[in-house]
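Beneath this line is the structure, given in structure tokens, with notes to follow.
All residue numbers refer to positions in the sequence shown, counting from 1. Since we're looking at a predicted model, the values are computed, not measured.
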Amino acid sequence: VQLQASGGGLVQAGGSLRLSCAASGRAFSSYAMGWFRQAPGKEREFVASIGWRGGSSYYADSVKGRFTISRDNAKSTVYLQMNSLKPEDTAVYLCAASSIAAMASPFGYNFWGQGTLVTVSS
């Protein structure tokens, strides 16, 4: 599976962005998907994940209530709608695919995209 993330950019605090991650290759609908982020000098951090049918989703406490993960299996794409953005949300956001299940640990993901940069100004 090849993953291509897009949709990042510069936004003011309180604003919104929607990230997309388009997949190609093997059957997208057989993978759980996740979003992670990595800020400069910090470790990779779980953001959200969604099951292969889209019926179950999980969020980091830091984004719960502000971010929403969704997927469109017909388009082989997973989305991350980010609202009420804060400067501490600034990071490179990466999407990942897991053949196991939706999870918070990055070690459970088989494939990773290249990331898209989100910068939130105060």
>> Could you go through Lys86 and Asp89, starting from their C-alpha distance and side-chain angles, then the distance that decides it, and tell me whether this counts as salt bridge (charged side-chain N to carboxylate O under 4.0 Å, His left out)?
In response: CA-CA 5 Å; Lys86 304 175 181 179; Asp89 294 319; over 6 Å; no

> Regarding Arg18 and the six-membered ring of Tyr79, is the cationic atom NZ or CZ under 6.0 Å from the ring centre and inside 45° of its axis?
Replying inline: yes

> Who pairs with Ser105 by side chain to side chain donor-acceptor pair (under 3.5 Å), at least two apart in sequence or on another chain?
Replying inline: none

Please check this pair: side chain of [X] against backbone of [Y], looking for a donor-acceptor N/O pair closer than 3.5 Å.
X	Y	result
Thr77	Lys75	yes
Asn73	Trp52	yes
Ser84	Gly14	no
Thr119	Leu10	no
Gln38	Ala91	no
Arg71	Gly51	yes

Connected hydrophobic set around [X], excluding itself, where side chains approach under 4.5 Å:
X	result
Phe107	none
Val92	Phe36, Phe46, Tyr58, Leu94, Ile100, Met103, Tyr109, Trp112, Leu117
Met82	Val1, Leu3, Val11, Leu17, Leu19, Phe28, Tyr31, Met33, Trp35, Val47, Ile50, Tyr59, Val63, Phe67, Ile69, Val78, Leu80, Leu85, Tyr93, Phe111, Val118, Val120

> Looking at OG of Ser20 and CD of Gln81, how far apart are the two atoms once the value is rounded to the nearest 0.5 Å?
Replying inline: 9.5 Å

>> For Ala102 versus Ala32, what's the shortest heavy-atom pair and its separation?
In response: N-CB, 3.3 Å

> Could you give all pairs that pass the disulfide (SG to SG under 2.5 Å) test and reach residues 36-122, with sequence neighbours left out?
Replying inline: Cys21-Cys95

> Any side-chain donor paired with an acceptor under 3.5 Å for Asn110 and Ser99?
Replying inline: yes

>> Show me the pairs that pass salt bridge (charged side-chain N to carboxylate O under 4.0 Å, His left out) and involve residues 39-50, at least two apart or across chains.
In response: Arg37-Glu45

